[in-house]
Amino acid sequence: MSEQIKQTALVIAMIVIAVMILFSFIRTLIGPRIADRIVAINMIGTQVILLICILAVYLKEDGLVDMAIIYAMFSFLAVVFFT
């Protein structure tokens, strides 16, 4: 029973993060200033990293954490490039 509660909590967390990514994407499109858009892009990158890490726990795949680290490096470089 405890494993099922954990799996359900992870699925709910992934859904909430997906909705937050959608809102951040809307802020990227609407943002009145370029600084708002850059911050929204950075937020999307951070939320995707979090989503990958939660998915790694959900699927019990350690390789996904390595992919999250690589994605974090690319996300950082993208924000530096846009800035």
Side-chain angles (χ1 to χ4, degrees):
M1 187 68 133
S2 176
E3 185 68 27
Q4 185 179 8
I5 293 172
K6 177 182 164 185
Q7 298 293 328
T8 305
L10 290 173
V11 169
I12 291 171
M14 287 189 285
I15 291 170
V16 168
I17 293 171
V19 170
M20 290 170 37
I21 289 172
L22 179 67
F23 287 148
S24 297
F25 185 71
I26 291 170
R27 174 49 67 190
T28 302
L29 295 176
I30 295 175
R33 292 175 291 176
I34 193 72
D36 295 330
R37 293 182 174 148
I38 291 173
V39 169
I41 289 171
N42 192 19
M43 283 176 48
I44 291 172
T46 304
Q47 292 165 350
V48 168
I49 293 165
L50 182 61
L51 190 63
I52 292 172
C53 289
I54 291 174
L55 190 63
V57 172
Y58 182 75
L59 297 176
K60 298 177 183 146
E61 290 287 332
D62 296 335
L64 287 175
V65 177
D66 296 333
M67 291 178 60
I69 293 170
I70 293 170
Y71 187 85
M73 290 188 306
F74 285 134
S75 177
F76 172 74
L77 290 175
V79 169
V80 168
F81 176 75
F82 286 130
T83 302

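Throughout, residue positions are numbered sequentially from 1 according to the sequence presented. For clarity, every value in this text was computed on a predicted model and none was experimentally measured.
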What heavy-atom pair brings [X] and [Y] nearest, and what distance separates the two atoms?
X: C53; Y: A68; value: SG-CB, 3.9 Å
X: I49; Y: Y71; value: CG1-CD2, 3.5 Å
X: V11; Y: Y58; value: CG2-CE1, 3.7 Å
X: L64; Y: A56; value: CB-CB, 3.6 Å

First locate atom [atom1] of [X], then atom [atom2] of [Y], and finally report the distance between them rounded to the nearest 0.5 Å.
X: I21; Y: L51; atom1: CD1; atom2: CG; result: 5.0 Å
X: F23; Y: T28; atom1: CZ; atom2: OG1; result: 13.5 Å
X: I34; Y: T83; atom1: CD1; atom2: OG1; result: 9.5 Å
X: L50; Y: M14; atom1: CG; atom2: CE; result: 10.5 Å
X: F74; Y: I69; atom1: CZ; atom2: CD1; result: 13.0 Å
X: R37; Y: S24; atom1: CZ; atom2: OG; result: 14.0 Å

Exercise for the section: Determine whether F81 and L77 make a side-chain contact, defined as any pair of heavy atoms from C-beta on separated by less than 4.5 Å. Expected result: no

Problem - Beyond-backbone contact of V39 with R27, side-chain heavy atoms, under 4.5 angstrom - result: no

Under 4.5 Å between side-chain heavy atoms, counting indirect links through other Ile/Leu/Val/Met/Phe/Trp/Tyr residues: same cluster for [X] and [Y] or not?
X: M20; Y: I38; value: no
X: I30; Y: V19; value: yes
X: L29; Y: V48; value: yes
X: I54; Y: M43; value: no
X: F82; Y: V80; value: no

Problem - V57, I52, L59 screened by side chain to side chain contact (heavy atoms under 4.5 Å, CB included) with L55, the one that passes - result: L59

Problem - Atom CE of M67: over 12 foreign heavy atoms under 6.0 Å - result: no

